[in-house]
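Start at 1 and go down the list; that is how both ligands and their atoms are numbered.
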Amino acid sequence: MKNIILIGFMGSGKTSTGKYVAQKLNRPILSSDEMIVQKEGQPIAQVFEKSGETYFRQIEKNVVKELATKSNVVIDCGGGVILDPENIVTLKKNGIIIYLITSPEFIYQRVKNRRHRPLLNVPDPQSKIRELLEQRQSLYESSADLTINTDGKTPQQVGEELLKIFHD
Ligand code: S3P
């Protein structure tokens, strides 16, 4: 069975939706961010701070290669996984990519009280969200086999939509 791979911007609900879907399908859930934390022995924010984004992206790429060797799992990818087209080629070999699309307003509401995302720990996170979304939107779209809009929905609702698509 092909992997179910969730992509989308920070705060699009990949982690909670992934957990919901994995539980319903009785599959393991794997997270690229969590694997990076385990490998590096420190939180993502510290990896960025100490070693920089380029280093983080290299580790992320290695982790993606490892994840793509699995089958029948749900994979929760970090929001920047689409920045390297090779990651998408690797993931597509054994998976269906689902893009959880979210508008900047909803993203901001979901991330504003969290501090663990280094790219959004800036004086004006709302502008940063818009800027990054503008750079990435077309990459998310071209990487996806399927897209689900998450605005105003709970992870359970998004998860149910996803499961319905799979059952149809
Ligand atoms: C990032 C998203 C984060 C994490 C890192 C960089 C990004 O993951 O990988 O902070 O570039 O969008 P989430 O999307 O799970 O927050």
- Query: For atom 14 (O) of ligand 1, what's the nearest protein heavy atom and its distance?
  - Reply: K14 NZ, 2.7 Å
- Considering only protein heavy atoms, which is closest to atom 3 (C) of ligand 1, and at what distance to one decimal place? D33 OD2, 3.5 Å
- Message: Quick test: of every protein heavy atom, which one is nearest to atom 10 (O) of ligand 1, and how far off is it to 0.1 Å?
- Response: P118 CD, 3.6 Å
- Item | Shortest heavy-atom approach to atom 6 (C) of ligand 1 - which of E53, R117, R57 | R57
- Charged N-O contact under 4.0 Å between E66 and K39: yes
- Note on the structure: Closest non-hydrogen contact found for T102 with S12 is OG1-CB, 3.3 Å
- Side-chain donor/acceptor of K14 to backbone N/O of G8, under 3.5 Å: yes
- With respect to E86, which candidate in R57, K92, K61 satisfies the salt bridge (charged side-chain N to carboxylate O under 4.0 Å, His left out) definition? K61
- Message: Using a 3.5 Å cut-off on N or O atoms only, is G80 in polar contact with ligand 1?
- Response: yes
- Minimum non-hydrogen distance to atom 5 (C) of ligand 1, winning option of L119, I44, I36, L6: I44
- For ligand 1, find out whether one of its N or O atoms is nearer than 3.5 Å to an N or O atom of G79. yes
- Message: In this structure, does ligand 1 have an atom that sits under 4.0 Å from one of the heavy atoms of R136?
- Response: yes
- Task: Please check if the side chain of Q58 supplies one atom and the backbone of Y55 the other of a donor-acceptor pair under 3.5 Å.
- Result: no
- Between F9 and the options T150, L133, I82, the side chain to side chain contact (heavy atoms under 4.5 Å, CB included) test singles out L133
